[in-house]
Amino acid sequence: MCCTTTIENDSTNVHPTPAHFSLNACIFYSCIKQPTPTSETNARRPSSPPNANTMDLRRRLPPRPPSTTFLNQQKAVTDGEDRSPSSTKAGVIDRSPSPVPKASDALPLPLYLTNGIFFTLFFSVAYYLLHRWRDKIRSSTPLHVVTLSELAAIVSLIASFIYLLGFFGIDFVQSFITTARGEEDSFVLEGEVEHHSEPKPRIMDPLPSLALASEEDEEIVKSVVCGSVSSYSLESQLGDCLRAASIRRQALERTTGRSLLGLPLEGLDYDSILGQCCEMPVGYVQIPVGIAGPLLLNGCEYMVPMATTEGCLVASTNRGCKAIFASGGATAILLKDGMTRAPVVRFATAERASQLKFFLEDAINFDTLSVVFNKSSRFGRLQNIQCSIAGKNLYIRFTCSTGDAMGMNMVSKGVQNVLDFLQNDFPDMDVIGISGNFCSDKKPAAVNWIEGRGKSVVCEAVISEEIVKKVLKTTVHGLVELNMLKNLTGSAIAGSLGGFNAHAANIVSAVFIATGQDPAQNIESSHCITMMEAVNNGKDLHISVTMPSIEVGTVGGGTQLASQSACLNLLGVKGASIGSPGSNARLLASVVAGSVLAGELSLMSAIAAGQLVKSHMKYNRSNRDMAAIASTV
Ligand code: ADP
């Protein structure tokens, strides 16, 4: 599995050339395990929308205008009207101004009067004509000889018949009623909104970024603005996520009077985020993705995607990768792999809380508790239970393996199983919260720093003296001294919690965003202690990063979205690992640690060489050719 790596003899040209890269890319792809996308994988991955095909097909169809029933139903909700099936059917006739003329618009009268007139007309002229027909047969008068009153009756009969057909929504007849303007509207629905819509009265003046909506959409936008349609319900009401986002966005612009020009709307698969990643979307933020690498880690090469808007970061990490590559690569070791969740439960006395603590920590009970915990997942496996007491309150920290998922949902379900089970023997246990912050998720906490959470990884490399000089432009002694005074002593003086590093959070955040991780977990995932030591008679540099709580997954959450999934694919860790569940997520954690190692090496070197401000001025303040700059850093 592991590959051998060619190191350029000329250390001044250690960074891979294009030819070198293509060779490396081949090695890379042969090294990493590519999960074969099978139908089974897809079937097992709940993150894929269950009806993805149907959803895609639906998106390709022209957007469906909301039925008048939809609008009437919305009105009914606000008016408190009865909308039983029968009344709803009647309610299809909406007297409010409509973009498409309806039969009920025939007379400028209230609906009930219009209906009454046409119904009466239809039956009375029908009766009159039948009567006349019988008379003509009796008097042997030819049927085609008609008087003026009979002619008028025939015209009235046809007119009222057409009205009644139109009233009951018979499309063929309605198409005759509909004017040429109605035909234009169908083009509007196909998307040529700007060219066919007429200016409509608006609640606020349209903002420049607003494309004029179709008239049907315009009605819905107005309903959202006035509050008769809930913004959050647009997706379910319309069955078209892009259209829902567009309508919500226009309503937002009108209610706030602020333009969203620059925030893209098109280009995101809104179906894929529905019910999973983001509610009430109005667009998406673009974050550039840069590539650092190849990162030579455990004998394999990885091109690391980094989503960031911080100039210098990718270039700097890339330089670190270059130094690691030229020195023979880095080694990452996974120390631990377990996600945690810690509910808080309360008893009437501290004594009872202690009894539960002893019960949970007694090895005899572990097997029973495991069976209960594990029943809700194929991948969640209970590893450990650790308790902490505060008075009569008990905090129970469950740790479990979670396969390729980051695992918060999985561990929470297992914990709920155990709490339900414990209620039998401890009926006086009051569950205060499924999370009692002893977990500890998305907050700086010593428990994660000491015990670990997610993946605990240590990563090391030996950088030769020559590379430190030629690539990093500094000295081994300078780096070791700076590390001691900045990352260790300086952070100790600052009272840091897990922050014994130069900028681990920079790399962690960028890789997290690119690969669909939860960016809020950057807090504990960036806990890192960077160590540097002179080795080989003081000539070379040993550098390591120890990161106890890297929380990553390759299934679930944002990992299934197209862009993030592409970045995972680049690293060869997309989705669930079929052969060895959990190995994709573990590899991703190792790549994160390796990238942090590269980032630490480069930034520390820049500081040691007094280059930091200079290079930031180059990268953040100028528009010079980045490739040229990168080669000089
Ligand atoms: P999380 O627990 O990180 O919030 P999700 O619950 O969103 O993640 O996704 C995990 C889901 O993915 C689970 O339902 C699990 O059954 C499924 N799954 C499929 N393959 C794997 C795998 N290899 N590892 C972990 N979970 C997997």
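Ligands are counted one by one from 1 in listed order, and the atoms in each one are counted from 1 as well. Everything numeric in this text was worked out from a predicted model, so none of it was measured.
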Using a strict 4.0 Å cut-off to heavy atoms of [X], name the atoms of ligand 1 that fall inside it.
X	value
G403	24 (N), 25 (C)
T402	24 (N), 25 (C)
M406	3 (O)
A405	3 (O), 8 (O), 10 (C), 24 (N), 25 (C), 26 (N)
R378	16 (O)
M408	1 (P), 2 (O), 3 (O), 4 (O)
G556	7 (O), 9 (O)

- Query: What pair of heavy atoms forms the shortest contact from S525 to E551, and how long is it?
  - Reply: OG-N, 3.1 Å

- Query: Do M531 and H542 come close enough that some side-chain heavy atom pair is under 4.5 Å?
  - Reply: no

- Message: With heavy-atom distances below 4.5 Å as the criterion, would you say the side chains of D428 and F347 are in contact?
- Response: yes

- Item | All salt bridge (charged side-chain N to carboxylate O under 4.0 Å, His left out) counterparts of K442, not counting sequence neighbours | D518

- Query: Quick one: which of Q560, E551, M410, K413 has a heavy atom closest to atom 13 (C) of ligand 1?
  - Reply: M410

- Nearest 0.5 Å please: distance from the NE2 atom of H503 over to the CG atom of N501. 8.5 Å

- Message: Could you measure the distance from the OG atom of S440 to the CG atom of N448? Nearest 0.5 Å is fine.
- Response: 5.5 Å

- Query: Is the closest heavy atom of G407 to ligand 1 under 4.0 Å?
  - Reply: yes

- Task: Would you mind telling me if ligand 1 is within reach of the side chain of V411, the backbone, both or neither, using heavy atoms under 4.0 Å?
- Result: neither

- Query: Should the pair F398 and F373 be assigned to parallel (<30°), tilted (30 to 60°) or perpendicular (>60°) ring geometry?
  - Reply: parallel

- Assign the ring pair H527 / W449 to parallel, tilted or perpendicular, where the plane angle (0 to 90°) is split at 30° and 60°. perpendicular

- Task: Kindly confirm or rule out an N or O of S577 lying under 3.5 angstrom from an N or O of ligand 1.
- Result: no

